[in-house]
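One structure below.
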Amino acid sequence: MSLTILFQSFGICFSDLSQMGELVEHAKFHSEEYGDDFFVFVSKHYGELKTDHEKQHQEEKEEHEKLPFQHISHLASSAVYILNSYATEFKSIDYSEFRTPNFFYQEPVSSLHAFGILQPPRIS
């Protein structure tokens, strides 16, 4: 479950993982055909050389569409703050009418103490 959340946070989905074979195959093609190492290959397909590579090699367009990580995702969030321009006045509650006590304590009364049944233990 945590790997799924990690992959989704990087924008990697299951279809990208299933297309990794095409990525390796196309990287080998670039290595054999153009002499590109892996970092140049990544730059040509995902980095700053991507637009130039797409313009120069239109015949590889179908193969480029099969590569992983080609989906475009856009995440936008916005925060809206609404400021009220009117002032509110809070009225304090007068508790003076509630100051009379409504409870009192009565000591427990038991008839068992009067008969001497419940007595503390004694040292004899």
Side-chain angles (χ1 to χ4, degrees):
M1 179 73 115
S2 62
L3 285 175
T4 303
I5 294 170
L6 178 69
F7 285 152
Q8 288 179 351
S9 67
F10 288 129
I12 300 171
C13 60
F14 182 73
S15 64
D16 292 333
L17 296 177
S18 66
Q19 294 172 340
M20 291 303 284
E22 283 91 9
L23 178 79
V24 172
E25 185 179 319
H26 196 66
K28 286 181 183 178
F29 171 77
H30 269 267
S31 176
E32 294 169 358
E33 189 72 25
Y34 306 115
D36 296 339
D37 63 347
F38 187 73
F39 295 109
V40 174
F41 168 76
V42 170
S43 180
K44 283 185 176 180
H45 291 87
Y46 301 105
E48 57 190 32
L49 301 175
K50 181 177 180 176
T51 55
D52 294 336
H53 182 67
E54 287 178 352
K55 288 179 186 175
Q56 293 173 359
H57 301 283
Q58 290 291 326
E59 69 276 0
E60 297 177 3
K61 185 175 182 177
E62 290 181 14
E63 294 175 9
H64 290 162
E65 290 174 356
K66 293 178 185 177
L67 292 175
F69 314 116
Q70 294 293 329
H71 51 84
I72 298 172
S73 62
H74 180 72
L75 177 66
S77 63
S78 62
V80 176
Y81 296 102
I82 300 173
L83 301 175
N84 295 331
S85 60
Y86 62 90
T88 58
E89 294 181 17
F90 295 107
K91 297 180 181 178
S92 62
I93 300 172
D94 184 23
Y95 292 107
S96 63
E97 61 190 52
F98 301 114
R99 294 194 192 249
T100 58
N102 57 359
F103 62 92
F104 55 94
Y105 179 76
Q106 288 182 345
E107 289 192 31
V109 178
S110 174
S111 61
L112 296 177
H113 291 289
F115 297 122
I117 295 175
L118 295 177
Q119 296 292 324
R122 296 183 187 156
I123 300 175
S124 48

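Residue numbers start at 1 and run along the sequence shown.
By the neighbour-count criterion of 12 heavy atoms within 6.0 Å, atom CD of E59 is densely surrounded, having more than that number from other residues, nucleotides or ligands. Heavy atoms of other residues, nucleotides or ligands lying less than 6.0 angstrom from CD of E48 number 12 at most.
A search for side chain to side chain donor-acceptor pair (under 3.5 Å) contacts involving Q19 returns nothing, not counting sequence neighbours. Under the rule for a ring pair (Phe, Tyr, Trp, His ring centres under 6.0 Å), Y46 has no partner lying at least two apart in sequence or in another chain.
The shortest non-hydrogen separation linking F38 to A27 is CD1-CB, 4.4 Å. When every heavy atom of L67 is checked against every heavy atom of L23, the shortest pair comes out as CD2-CA, 3.7 Å.
V24 belongs to no hydrophobic cluster, as no Ile, Leu, Val, Met, Phe, Trp or Tyr side chain comes under 4.5 Å of its own.
A side-chain contact (heavy atoms from CB on, under 4.5 Å) with E63 is found for one member of H57, E22, H26 and no other, namely H26.
Expressed to the nearest 0.5 Å, how far CD of E54 lies from CG of L49 amounts to 11.5 Å. With rounding to the nearest 0.5 angstrom, the CD atom of E60 is 4.5 Å from the CZ atom of F29.
A donor-acceptor pair is defined here as one N or O able to donate and one able to accept, closer than 3.5 Å; such a pair exists between the side chain of H45 and the backbone of F41.
Close placement of the H53 and H30 rings is indicated, their centers lying within 6.0 Å of each other.
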